Amino acid sequence: RRAMLPELTAGLTAAAALAVTNDVEAPFQTQEFVAEALEMLSLLCEGHNVQMQDYLRDPREGQDSAVEAVDLVIEVHDLLVQLEPSLDESNVEQAILCIDCLTEFVQGNTSLGNMASLIESKASDAMERLVCRQRFEGVPADAVSRLRTSVSTWFLAMLEGEGTVAEERFLRTLDLERLSAVAATAY
């Protein structure tokens, strides 16, 4: 929204422009909103709702392509990628919710569109880093365990269905020996 600030304030009175600017520049008040939004997105896809899964990736399907669309699958992925390097006690639950949401996006998705988007976005690289990470500063052990379990579930969801695109990508890019060693120590 900061990049769009000049557009948002164009034609507004000085007081209105100041109010919009203050709103855009205000610090994020709560992480709870993000958690609620991720939970809602997950629930929309619950029960392998393929139409909703595909809609969240491309709401324009079959409609006017001039309309700006937001790919929520990639937006959730991008949020996870932003959280991953600075994962700590304050944001580990958001990361887990992101992973669970990404899992719901691909589980039972027979069109394989969401899986293809996540493969292209290199989501597996971020998931591998999360599983293999040695230290999580200040993150309780049970949260680390839930995080790794969520990542494992995501990998399994990516392998569901027909086709071998995910398998080929994983075999080509993942350090399977390292993942195996983590699994051996975790379980």
Side-chain angles (χ1 to χ4, degrees), residues 34 37-62 69-87 91-136 139 141-187:
V34 174
L38 290 168
E39 288 174 11
M40 184 202 68
L41 290 172
S42 289
L43 290 172
L44 287 172
C45 298
E46 193 69 39
H48 309 309
N49 186 342
V50 176
Q51 286 180 311
M52 185 56 74
Q53 288 169 327
D54 289 343
Y55 182 80
L56 292 174
R57 183 185 72 258
D58 185 8
R60 298 176 299 188
E61 191 160 326
V70 176
D71 182 344
L72 292 173
V73 174
I74 295 303
E75 290 296 325
V76 171
H77 165 266
D78 290 349
L79 175 59
L80 178 63
V81 168
Q82 291 298 315
L83 291 171
E84 185 239 331
S86 59
L87 207 58
N91 60 14
V92 69
E93 292 302 323
Q94 280 187 2
I96 292 169
L97 286 170
C98 284
I99 297 163
D100 292 346
C101 195
L102 292 172
T103 300
E104 287 296 334
F105 290 159
V106 297
Q107 273 186 330
N109 186 276
T110 54
S111 75
L112 305 178
N114 292 345
M115 181 189 68
S117 287
L118 291 172
I119 287 172
E120 189 175 306
S121 72
K122 300 181 181 178
S124 59
D125 296 348
M127 298 296 186
E128 180 180 22
R129 286 191 304 270
L130 285 169
V131 167
C132 295
R133 189 169 168 175
Q134 296 295 317
R135 288 190 227 178
F136 290 89
V139 178
D142 68 313
V144 173
S145 179
R146 284 186 292 114
L147 177 78
R148 287 183 170 149
T149 300
S150 290
V151 171
S152 299
T153 304
W154 179 82
F155 275 118
L156 290 172
M158 289 290 286
L159 296 171
E160 282 181 4
E162 299 177 19
T164 60
V165 176
E167 292 96 338
E168 291 169 5
R169 165 78 181 185
F170 294 165
L171 288 171
R172 208 174 46 249
T173 62
L174 297 177
D175 184 347
L176 298 177
E177 287 182 28
R178 187 172 169 202
L179 287 170
S180 173
V182 170
T185 60
Y187 303 105

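Just so it is clear, the model here is predicted, and its values are computed rather than measured. Positions are given from 1 along the sequence.
- The backbone N or O of S145 lies less than 3.5 Å from a partner atom in the side chain of T149, making a donor-acceptor pair.
- Residues V73 and D58 are not in side-chain contact: their nearest non-hydrogen atoms beyond the backbone lie 4.5 Å or more apart.
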For K122 and V81: C-alpha separation, side-chain torsions, deciding distance, then whether side-chain contact (heavy atoms from CB on, under 4.5 Å) applies. CA-CA 10 Å; K122 300 181 181 178; V81 168; over 6 Å; no
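- Atom-to-atom distance recorded for E93:CD and L97:CG is 7.0 Å, nearest 0.5 angstrom.
- Contact check for C132 versus L179: side-chain heavy atoms found under the 4.5 Å cut-off.
- With sequence neighbours excluded, the residues that form a side chain to side chain contact (heavy atoms under 4.5 Å, CB included) with V139 are V92, F136, A143, V144.
- For residues 106-129, there are no ring-ring contact (aromatic ring centres under 6.0 Å, His included) pairs, not counting sequence neighbours.
- Among residues two or more places apart in sequence or in another chain, the salt bridge (charged side-chain N to carboxylate O under 4.0 Å, His left out) test is passed with R133 by none.
- Partners of E104 by side chain to side chain donor-acceptor pair (under 3.5 Å), not counting sequence neighbours: none found.
- The ring-ring contact (aromatic ring centres under 6.0 Å, His included) contacts involving residues 109-133 comprise nothing, where partners must be two or more places apart or lie in separate chains.
- Scanning both residues, S42 and C101, for their nearest heavy atoms gives OG-CA, 3.2 Å.
- Listed by chain and residue number, nothing satisfies the side chain to side chain donor-acceptor pair (under 3.5 Å) test with S117 (two or more places apart in sequence, or in another chain).
- Atom OG1 of residue T153 and atom CG of residue D100 lie 7.5 Å apart, to the nearest 0.5 angstrom.
- A search for side chain to side chain contact (heavy atoms under 4.5 Å, CB included) contacts involving D78 returns I74, not counting sequence neighbours.
- Aromatic ring orientation, F170 versus W154: tilted (interplanar angle from 30° to 60°).
- Annotation: side chain of C45 is in contact with side chain of L56 (closest heavy-atom distance under 4.5 Å).
- Applying the ring-ring contact (aromatic ring centres under 6.0 Å, His included) test to every pair with at least one member in residues 95-123, sequence neighbours left out, gives no pairs at all.
- None of V151, D175, V131 except one satisfies the side chain to side chain contact (heavy atoms under 4.5 Å, CB included) rule with V182; the exception is V131.
- Smallest separation of non-hydrogen atoms from L79 and C98: CD2-SG, 3.5 Å.
- A search for side chain to side chain contact (heavy atoms under 4.5 Å, CB included) contacts involving V70 returns L72, E75, not counting sequence neighbours.
- Counting only distance, with no hydrogens or angles, the side chain of S121 and the backbone of L118 share a donor-acceptor pair below 3.5 Å.
- Put simply, CD on Q82 and CD on Q94 are 12.0 Å apart, with the number rounded to the nearest 0.5 Å.
- The salt bridge (charged side-chain N to carboxylate O under 4.0 Å, His left out) search around E128 returns none, not counting sequence neighbours.
- Taking CG of L174 as the start and OG of S180 as the end, the distance is 12.5 Å to the nearest 0.5 Å.
- Evaluation of the salt bridge (charged side-chain N to carboxylate O under 4.0 Å, His left out) rule for D54 yields R57 as partners, not counting sequence neighbours.
- The closest side-chain donor-acceptor pair between N109 and Q53 falls under 3.5 angstrom.
- V34 is listed as a side-chain neighbour of L38, based on a closest heavy-atom distance under 4.5 Å.
- Every residue meeting the side chain to side chain contact (heavy atoms under 4.5 Å, CB included) condition with T164, not counting sequence neighbours, appears here in chain and number order: E167, E168.
- Of all heavy-atom pairs spanning T103 and S150, the tightest one is OG1-O, 4.2 Å.
- Atom CD1 of I96 is separated from atom CG of N91 by 10.0 Å, given to the nearest 0.5 angstrom.
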Verdict with supporting geometry, L44 and N49, side-chain contact (heavy atoms from CB on, under 4.5 Å): CA-CA 7 Å; L44 287 172; N49 186 342; over 6 Å; no
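- Between M52 atom CE and L43 atom CG the span is 11.5 Å, to the nearest 0.5 Å.
- Judged by distance alone, with hydrogens and angles left aside, the side-chain atoms of Q107 form no donor-acceptor pair with the main-chain N or O of A157 at under 3.5 Å.
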